[in-house]
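The structure under discussion appears below in the form of structure tokens.
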Amino acid sequence: MMKGNHPYHLVDFSPWPLTMAAGLLTLTSGMIKWFHLYNMNLFLLGILIISTTAYQWWRDISREGTFQGLHTNFVVTGLRWGMILFITSEVFFFVSFFWAFFHSSLSPSIEIGNMWPPLGIAPFNPMQIPLLNTAILLASGITITWSHHGMMENNHSQSSQGLLITIILGVYFSILQAYEYIEAPFTIADTVYGSTFFIATGFHGLHVLIGSSFLLVCLMRHLNNHFSNNHHFGFEAAAWYWHFVDIVWLFLYISIYWWGN
């Protein structure tokens, strides 16, 4: 059991890692069944298990940090370093996609006609939806910073408003990206251009959905007065993650949408 007389982050026994692993196994198995047999039942069951587990796991962590007082300064320092290292690993995750893109675009092979974009590929106009999405994410970076400053100044309403606007902008971005994918004149199977485009932008879109969920949890916690002006690392971690998502999109827009066009 957790003891209160030490500064270290020792967790209680919890069933959630096991149920999350079971949910992820169900989800991946369900995706295979969905793709091959066109049956989504197992996939939806996996989504249900993961959602239920995530809710209860986040509830327990919120209780530890808010009501039980287990997130001491020493523990919060460890959590900060954990988040920094996690975001660093995410940076290198996206570096691999940019590496593949520039490797193929700077020296196009004979298989794609020695040209970039390859012959027959009609790329997106970077001045249309991609530019709008860039403006949306830049605006969301401003609103999340506004929310953070409101929290540090004990301005509950302004912090809530900034956080809510950031979530709305994140959802708006995801809707526009889904529309862009539906209207795309090429697919992930159309040469290395389609592969690198959909893998890089698709994983970024997934990170936007994860970040929006992260911020939504922070908004619910904030409305329940879980954060104070000097104890709100859960919110800070979400803000760091969101700024990371913003920066990755700027690189995606400049390299893949604009330069690679």
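What's counted below: heavy atoms across the whole structure, side chains too, no hydrogens, waters or symmetry copies. Throughout, numbering of the chain's residues begins at 1 and tracks the sequence.
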* Do Q177 and H204 have a side chain donor and acceptor closer than 3.5 Å? -> no

* Asked: Hey, does Y241 have a side-chain heavy atom less than 4.5 Å from the side chain of I144?
  -> no

* **From F173 atom CZ to S140 atom OG, the distance as rounded to the nearest 0.5 Å** => 9.0 Å

* Going by the angle between their ring planes, with limits at 30° and 60°, are F227 and H222 parallel, tilted or perpendicular? -> parallel

* Does the side chain of T201 come under 3.5 Å of the side chain of Y181 through a donor N or O and an acceptor N or O? -> yes

* To do: Mark yes when over 12 heavy atoms from residues, nucleotides or ligands other than F124 sit less than 6.0 Å from its CZ; otherwise mark no.
  => yes

* Asked: When you measure from the side chain of S29 to the backbone N and O of T26, does any donor-acceptor pair fall under 3.5 Å?
  -> no

* Rounded distance (nearest 0.5 Å) linking atom OG1 of T28 with atom CG of L24 -> 7.0 Å

* More than 12 heavy atoms of other residues, nucleotides or ligands under 6.0 Å from CZ of F251: is that the case? -> no

* State the CH2-CE distance between W146 and M151, to the nearest 0.5 angstrom. => 12.5 Å

* To do: Check whether any side-chain heavy atom of P15 sits under 4.5 Å from a side-chain heavy atom of Q56, and report yes or no.
  => no

* Could you check S14 against W57 for side chain to side chain donor-acceptor pair (under 3.5 Å), going step by step and ending with a plain yes or no? => CA-CA 9 Å; S14 171; W57 204 345; 4.9 Å; no

* F203 pairs by ring-ring contact (aromatic ring centres under 6.0 Å, His included) with which of F94, F198, F93? -> F93

* Compute the centroid of each ring, for Y257 and then for F197, and state whether the two points are separated by less than 6.0 Å. => yes

* To do: With rounding to the nearest 0.5 Å, note down the distance linking CD1 in I121 to CE in M115.
  => 10.5 Å

* Do H156 and L223 come within less than 4.5 Å of each other through their side chains, counting heavy atoms only? -> yes

* Polar side-chain atom of S107 near backbone of H103 as donor-acceptor pair, under 3.5 Å -> no

* List in chain and number order the residues that pass ring-ring contact (aromatic ring centres under 6.0 Å, His included) with W34, two or more places apart in sequence or in another chain; answer none if no residue qualifies. => F43

* Asked: Counting distance only, does the side-chain N/O of S159 pair as donor-acceptor with the main-chain N or O of N155 below 3.5 Å?
  -> no

* Asked: Between S160 and L219, which heavy-atom pair has the shortest distance, and what is it?
  -> O-CD1, 4.0 Å

* **From CA spacing to verdict: ring-ring contact (aromatic ring centres under 6.0 Å, His included), W116, F101** => CA-CA 11 Å; W116 192 267; F101 174 80; 5.6 Å; yes

* T196 side-chain N/O to Y193 backbone N/O, donor-acceptor pair under 3.5 Å -> yes

* Asked: Quick check: are there more than 12 heavy atoms from other residues, nucleotides or ligands sitting under 6.0 Å from OH of Y55?
  -> no

* To do: Report the C-alpha distance between F233 and W240 in whole Å, list the side-chain angles of each, state the deciding distance to 0.1 Å, and finish with yes or no for ring-ring contact (aromatic ring centres under 6.0 Å, His included).
  => CA-CA 10 Å; F233 177 69; W240 291 355; 5.7 Å; yes

* Donor-acceptor pair, T77 side chain versus N73 backbone, under 3.5 Å? -> yes

* Minimum-distance pair of heavy atoms, taken over all atoms of I256 and A200 -> CD1-CB, 3.8 Å

* Asked: Heavy-atom distance under 4.5 Å between the side chains of H243 and T145, does that happen here?
  -> yes

* Just wondering, do F235 and L163 contact through their side chains at under 4.5 Å, heavy atoms? -> yes

* More than 12 heavy atoms of other residues, nucleotides or ligands under 6.0 Å from CG of N224: is that the case? -> yes

* To do: Enter the distance from L138:CG to I247:CD1 here, rounded to the nearest 0.5 Å.
  => 10.5 Å

* **Any donor-acceptor N/O pair, T19 side chain to W16 backbone, under 3.5 Å** => yes

* Is it the case that more than 12 heavy atoms not belonging to L37 sit under 6.0 Å from its CG atom? -> yes

* How far does OG1 of T166 sit from CH2 of W242, to the nearest 0.5 angstrom? -> 7.5 Å

* For the residue pair F102 and W259, does the interplanar ring angle fall in the parallel (under 30°), tilted (30 to 60°) or perpendicular (over 60°) class? -> tilted

* Structure fact -> Heavy atoms of G234 and C218 approach each other most closely as O-SG, 3.5 Å

* Run the side chain to side chain donor-acceptor pair (under 3.5 Å) check on D60 and S62 step by step: do they pass? -> CA-CA 5 Å; D60 289 354; S62 298; over 6 Å; no

